[in-house]
Amino acid sequence: MAFFDVDGEVVDQPTELGRLTGRAVHYAAVHAFALVEPETGRAVGSATWGNAILTREPVRAGFAHDLPLGADDALVEPAGSDLPLAGVTFADAPDGVREPRCVVGARIDYDGHAIDVLATHLTYAGTAQRRGQSDELARLARDTRAAVVVLGDLNAPIDAPELQSLTASLDDAFAAAGIPPGDPRRRSCGPWPIDHVLTRDLDVEDCHVDQRAGDASDHLPVLATLRHRSCSRSSRRAT
């Protein structure tokens, strides 16, 4: 997140994370909001939040791409379903239900091979809205000829129907490491297995949820050890 504080100073958290970790950083956001003082309710600044990629290798090329949102007259969830906001249109739903989302991409060179890394955070609300975002993410991954890593909080289990376009064209790193859908070892956010690493043209040596982070976040990191199929040494990616 990047924001203006109460003194009008810019606080650039992605850049600061890059400095603290000694990594190159590529950050993008499509959503901005007011910073509100809890005691008074007054707006005291503004902020953006999005997605960031931090890498040991230099970023050769980067991009940001917005993801589709539900239309005004589309239903958040079908009428009659037992899901939240069933039968409610996006126009009538709370603002956060149609929060702008994006994917940030970075091409890095690893041992002379190009790898495209795409990081995202799909919507938590609206199955069809999430399916549209998943489909666009899958299209972006298909459009590159490089090896691909897609990673992030997809807000759905890997076997959810709305993620089918991704799982049909990319390899699930957990499954490649011997952890099938439904396995409790996938749980990365309380009881929910919603954080994923998907790959193409990369061998997966390991993928697991790292419990050492404790309660620093409501999500635990997912660590994957990947190797380009033409490389002799490994590279490590995390979400």
For Asp210 and His208, test the side chains for any donor-to-acceptor distance below 3.5 angstrom and give the result as yes or no.
no

Qualifying residues under side chain to side chain contact (heavy atoms under 4.5 Å, CB included), relative to Pro68, sequence neighbours excluded
Gln133, Glu136

Answer whether the closest heavy-atom distance between the side chains of Val204 and Thr199 falls below 4.5 Å.
yes

Please find the pair of heavy atoms, one from Ala34 and one from Ala43, that lie closest to each other, and give the distance.
CB-CB, 4.3 Å

Between Ser188 and Asp195, does a side-chain hydrogen bond (donor to acceptor under 3.5 Å, both in side chains) hold up when you go through it step by step?
CA-CA 6 Å; Ser188 56; Asp195 298 284; 2.5 Å; yes

Tell me, which pairs form a side-chain hydrogen bond (donor to acceptor under 3.5 Å, both in side chains) where one or both residues lie in residues 69-88, sequence neighbours left out?
Asp72-Arg98, Glu77-Thr127

Less than 4.5 Å apart, any side-chain heavy atom of Val30 and any of Arg101?
no

What one should report as the nearest heavy-atom pair of Ile53 and Ala119 is CG1-CB, 3.8 Å

What residue pairs, at least two apart or across chains, pass salt bridge (Lys or Arg N to Asp or Glu O under 4.0 Å) with a residue in residues 83-93?
none

Tracing side-chain contacts under 4.5 Å among Ile, Leu, Val, Met, Phe, Trp and Tyr outward from Ile158 reaches Phe63, Leu67, Val103, Leu118, Leu122, Leu137, Leu140, Val148, Val150, Leu154, Leu163, Leu166, Leu170, Leu198

Residue pair Arg60 / Ala114: nearest heavy atoms and the distance that separates them
NH2-CB, 4.2 Å

Check whether any side-chain N or O of Gln129 sits under 3.5 Å from a backbone N or O of Gly70 as a donor-acceptor pair, and report yes or no.
yes

Contact summary for Ala64 and Ala28, nearest pair of heavy atoms
CB-CB, 3.3 Å

I need the minimum non-hydrogen distance between Val222 and Cys207, along with the two atoms involved.
CG1-SG, 3.9 Å

Under the side chain to side chain contact (heavy atoms under 4.5 Å, CB included) test, which residues partner Thr40, sequence neighbours left out?
Glu37, Arg42

How long is the gap from CG on Asp201 to CG on Asp116, to the nearest 0.5 Å?
11.0 Å

Check the pair Trp192, Arg187 against side chain to side chain contact (heavy atoms under 4.5 Å, CB included), reporting the backbone distance first and the verdict last.
CA-CA 5 Å; Trp192 298 289; Arg187 295 173 183 169; over 6 Å; no

Salt bridge (charged side-chain N to carboxylate O under 4.0 Å, His left out) partners for Asp159, two or more places apart:
none

Mind checking whether Ser134 and Glu162 have side chains closer than 4.5 Å, heavy atoms only?
no

Looking at Glu16, I want to see if its CD is surrounded by more than 12 non-hydrogen atoms of other residues, nucleotides or ligands under 6.0 Å.
yes

Say whether, by atom type as modelled, one donor and one acceptor occur between the side chain of Thr120 and the main chain of Cys102 under 3.5 angstrom.
yes

For a quick check under 3.5 Å, do Thr48 and Tyr27 share a side-chain donor-acceptor pair by atom type?
yes

Which residues satisfy the salt bridge (charged side-chain N to carboxylate O under 4.0 Å, His left out) test with Asp135, sequence neighbours excluded?
none

For Arg142, all residues meeting salt bridge (charged side-chain N to carboxylate O under 4.0 Å, His left out), sequence neighbours excluded:
none

With side chains defined as the heavy atoms from C-beta onward, is the minimum distance between Leu223 and Arg212 less than 4.5 Å?
yes

Answer yes or no: is there a side-chain heavy-atom contact under 4.5 Å between Phe174 and Asp183?
no

For the backbone of Ala141 and the side chain of Arg200, can you confirm whether one donor and one acceptor N or O come within less than 3.5 Å of each other?
yes

Taking side chain as C-beta onward, heavy atoms only, is Val97 less than 4.5 Å from Phe90?
yes

Can you find a pair of side-chain heavy atoms, one from Val59 and one from Arg107, that are under 4.5 Å apart?
no

Set out, in order, the CA-CA distance, both residues' side-chain angles and the distance that settles side chain to side chain contact (heavy atoms under 4.5 Å, CB included) for His26 and Val104, then state yes or no.
CA-CA 8 Å; His26 182 54; Val104 57; 3.1 Å; yes

Looking at Glu99 and Asp95, would you say the former's side chain and the latter's main chain have a donor-acceptor pair under 3.5 Å?
no

For Asp143, what residues pass the salt bridge (charged side-chain N to carboxylate O under 4.0 Å, His left out) criterion, not counting sequence neighbours?
Arg139

Pairs meeting criterion side-chain hydrogen bond (donor to acceptor under 3.5 Å, both in side chains) with involvement of residues 167-182, two or more places apart
Asp172-Arg186

Who passes side chain to side chain contact (heavy atoms under 4.5 Å, CB included) against Asn155, sequence neighbours left out?
His121, Tyr124, Arg130, Asp153, Ile194

Evaluation steps, side chain to side chain contact (heavy atoms under 4.5 Å, CB included), between Val117 and Leu151
CA-CA 8 Å; Val117 182; Leu151 68 172; 3.6 Å; yes

Other than Leu54, what residues sit in its cluster of Ile, Leu, Val, Met, Phe, Trp and Tyr side chains whose heavy atoms are under 4.5 Å apart, directly or through others?
Leu17, Val25

Which value, rounded to the nearest 0.5 Å, describes the distance between Ile108 atom CD1 and Ile115 atom CD1?
5.0 Å

Minimum-distance pair of heavy atoms, taken over all atoms of Ala47 and Leu35:
CB-CD2, 4.0 Å

Answer yes or no: is there a side-chain heavy-atom contact under 4.5 Å between Arg227 and Leu202?
no

